[in-house]
Number of protein chains: 2
Amino acid sequence: MGRKARFNKDHFVDAALKLLAEQGPAAVTMAAVAGESGAPIGSVYHRFVSRDVLLAELWLRIVGSFQRGFLETLKRDDGLNAALHTVRWVRKHPKEGRVLLLHRREDLASGEWPDDVKERAEGLTREINEEIRSFTLRLYGRSTRQHLLRVTFALIDVPYASVRRHLEAGNVPPKAIDDFVKDTYFTILGRES
Amino acid sequence: MGRKARFNKDHFVDAALKLLAEQGPAAVTMAAVAGESGAPIGSVYHRFVSRDVLLAELWLRIVGSFQRGFLETLKRDDGLNAALHTVRWVRKHPKEGRVLLLHRREDLASGEWPDDVKERAEGLTREINEEIRSFTLRLYGRSTRQHLLRVTFALIDVPYASVRRHLEAGNVPPKAIDDFVKDTYFTILGRES
DNA sequence: GACGTATTAGAATCTTTATTCTAGAATACA
DNA sequence: TGTATTCTAGAATAAAGATTCTAATACGTC
């Protein structure tokens with residue numbers, strides 16, 4: 001085999017997450033990631049070919065974690081709880097929430113991604129698009145641009161908005177916003193949805 | 001006096017805006033700003049002591065432009081149109097909209113700001129907070145944390161959310177979202193507001 | 001027309017980070 | 001024990017960009 005590893009990918013991704021959530025993108029230097037992990041820089045590069053790929057990995061991990069629960073609920077046809085999932089997930093994962101909702105992927109990992117990373121990203125996007133589409137279909141019997149817009153607004157955009165300013169301020173989203181999300185959900189998609 | 005100026009602050013702020021809106025924060029280098037303006041780097045530094053201050057200026061200009069209309073409408077006690085102002089303003093100012101809604105101030109101009117810039121920023125923040133507060137007061141007779149939360153959600157967060165994904169995609173926000181914003185507004189703040 | 005000043009010009013320098021490279025260490029296994 | 005292999009270490013290098021500096025230019029005024 002070879003020498004026993006003291007550090008693995010997760011160590012570095014965790015460190016990057018912490019830095020990114022607490023101090024923003026500029027603070028995520030390779031030296032800082034190494035420092036935060038108590039590792040030498042070389043070990044970071046031993047696991048990730050570049051900073052971009054490290055951040056891509058972090059991003060995918062977060063999106064995956066978020067989407068898993070969201071899609072599960074949506075597949076159960078439980079739109080309301082899918083909408084509420086964002087709020088709940090963020091309360092449970094404040095650091096991840098900050099990264100997901102306060103930053104754009106392109107501003108973090110700007111360069112080219114290796115193929116496998118690109119594919120994982122596309123997979124996640126495809127998955128959510130498909131599920132939104134089929135939920136829309138079940139709800140309205142068709143999924144025109146207008147229908148999709150409406151569903152996306154209630155299921156994603158509003159929950160996102162409800163939570164953003166509190167993450168920005170470093171606070172846990174207050175209890176009250178669940179009701180905002182819920183009320184908006186019914187207003188936009190109807191009581192029966 | 002001295003030599004006639006070929007370039008003024010606005011030239012460079014405009015160039016920075018274009019770069020930022022079209023290619024993101026990383027593309028706004030001092031060299032790029034100079035290049036985009038057809039000016040030498042020296043002239044940029046003649047107007048702005050640092051990149052941070054240039055971006056601060058850009059940010060303040062945009063926030064000011066947005067807030068002006070928003071506050072005017074709100075002062076008229078026309079909450080609904082204040083909410084809709086975001087959508088309309090973004091349609092009219094797509095580049096500025098992208099900057100305002102897709103980026104965080106701290107991620108753009110991270111360093112220390114000179115006092116005058118800091119004061120202008122605080123002035124804008126104070127102004128909007130006060131106006132939101134007095135609108136809330138007029139609407140509910142008091143302005144507790146809960147009331148403010150509710151008003152902020154309907155007036156700022158939801159409009160923001162309704163527009164964001166379309167800016168991200170480089171599109172003009174479609175017509176339909178005005179209705180989403182409106183319906184949500186009434187749901188959250190009541191018909192009489 | 002000489003002078004002071006605001007500006008343009010852009011080359012040179014400084015900093016900050018990512019990335020590369022060379023050595024050394026630890027482990028499994030033949 | 002010898003050897004291939006996987007990691008750790010961290011110094012050296014390279015690149016990108018911000019910032020500084022020195023000179024050269026135009027304009028208004030005296």
Side-chain angles (χ1 to χ4, degrees), chain A residues 1-20 22-59 103 105-114 117, chain B residues 1-20 22-59 103 105-114 117:
Chain A
M1 277 287 100
R3 181 175 179 170
K4 194 183 297 175
R6 291 180 53 205
F7 311 100
N8 56 36
K9 285 194 172 197
D10 282 343
H11 283 291
F12 302 129
V13 173
D14 287 344
L17 169 61
K18 182 168 186 214
L19 290 165
L20 183 49
E22 292 177 359
Q23 305 177 59
V28 190
T29 67
M30 293 303 256
V33 169
E36 179 73 36
S37 320
I41 293 183
S43 294
V44 183
Y45 276 95
H46 183 65
R47 300 295 177 181
F48 296 97
V49 283
S50 72
R51 176 178 182 271
D52 261 14
V53 170
L54 166 55
L55 286 174
E57 185 66 39
L58 172 57
W59 185 259
H103 299 283
R105 177 184 97 30
E106 311 90 69
D107 293 341
L108 297 180
S110 47
E112 275 306 290
W113 286 6
V117 174
Chain B
M1 278 282 98
R3 182 176 179 168
K4 194 183 294 174
R6 292 180 52 204
F7 310 101
N8 56 38
K9 285 195 170 195
D10 282 343
H11 282 291
F12 302 129
V13 173
D14 287 343
L17 168 61
K18 182 169 186 210
L19 290 165
L20 183 50
E22 292 176 359
Q23 307 178 58
V28 190
T29 67
M30 292 303 255
V33 169
E36 179 71 36
S37 321
I41 294 182
S43 294
V44 182
Y45 276 96
H46 183 64
R47 301 293 177 181
F48 296 98
V49 284
S50 72
R51 176 178 183 270
D52 260 14
V53 171
L54 166 56
L55 285 174
E57 185 66 40
L58 171 58
W59 184 260
H103 301 283
R105 179 183 96 31
E106 311 88 70
D107 293 341
L108 297 179
S110 47
E112 276 307 289
W113 286 5
V117 174

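Lettering of chains follows the sequences in order, A, B, ..., and the numbering in each one begins at 1.
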* In whole angstroms, how far is the C1' atom of D:dC7 from the NE2 atom of A:His11? -> 13 Å
* Asked: When the distance from CZ of A:Phe7 to C1' of D:dT8 is rounded to whole Å, what number comes out?
  -> 8 Å
* Asked: Quick one: does A:Arg47's side chain have a donor or acceptor within less than 3.5 Å of a partner on A:Phe7's backbone?
  -> yes
* Between D:dG10 atom P and A:Tyr45 atom OH, what is the distance in whole Å? -> 17 Å
* To do: Could you tell me the separation between the CD1 atom of B:Ile41 and the P atom of D:dC21, rounded to a whole number of Å?
  => 15 Å
* Could you state the CG-P distance from A:Leu54 to C:dT17, rounded to the nearest angstrom? -> 16 Å
* To do: Report yes if a side-chain nitrogen or oxygen of B:Arg47 is closer than 4.0 Å to either non-bridging phosphate oxygen (OP1 or OP2) of C:dT7; otherwise report no.
  => yes
* Is any side-chain N or O of A:Arg51 closer than 4.0 Å to OP1 or OP2 of C:dA18? -> yes
* In whole angstrom, give the distance that lies between atom CG of A:Leu19 and atom P of C:dT17. => 12 Å
* Of the candidate nucleotides C:dT17, D:dT25, D:dT6, which contains the atom at the shortest distance from the side chain of B:Arg3? -> D:dT25
* Structure fact -> Distance col, row B:Ser37:OG vs B:Leu19:CG, nearest 0.5 angstrom, shows 8.0 Å
* For A:Leu55 and C:dT17, what is the distance between atoms CG and P respectively, to the nearest whole Å? -> 14 Å
* To do: Describe the nucleic acid contact of A:Val44 in one word from base, sugar-phosphate, nothing, applying a heavy-atom distance below 4.0 Å.
  => nothing
* Asked: Does A:Asn8 use its side chain to pair, donor to acceptor, with the backbone of A:His11 at less than 3.5 Å?
  -> yes
* Which sits closer to the 5' end of DNA chain D, B:Gly2 or B:Met30, going by the nucleotide each is nearest to? -> B:Met30
* Does the base of C:dT8 carry an N or O that pairs as donor and acceptor with the side chain of B:Arg6 under 3.5 Å? -> no
* Structure fact -> When rounded to whole Å, the NZ to P distance for the pair A:Lys4 and C:dA26 reads 12 Å
* To do: Output, in order, the C-alpha distance, side-chain angles, deciding distance and verdict of side chain to side chain contact (heavy atoms under 4.5 Å, CB included) for B:Leu17 and B:Leu20.
  => CA-CA 5 Å; B:Leu17 168 61; B:Leu20 183 50; 5.7 Å; no
* Asked: Can any side-chain N or O of A:Arg51 pair as donor or acceptor with the backbone N or O of A:Val28 at less than 3.5 Å?
  -> yes
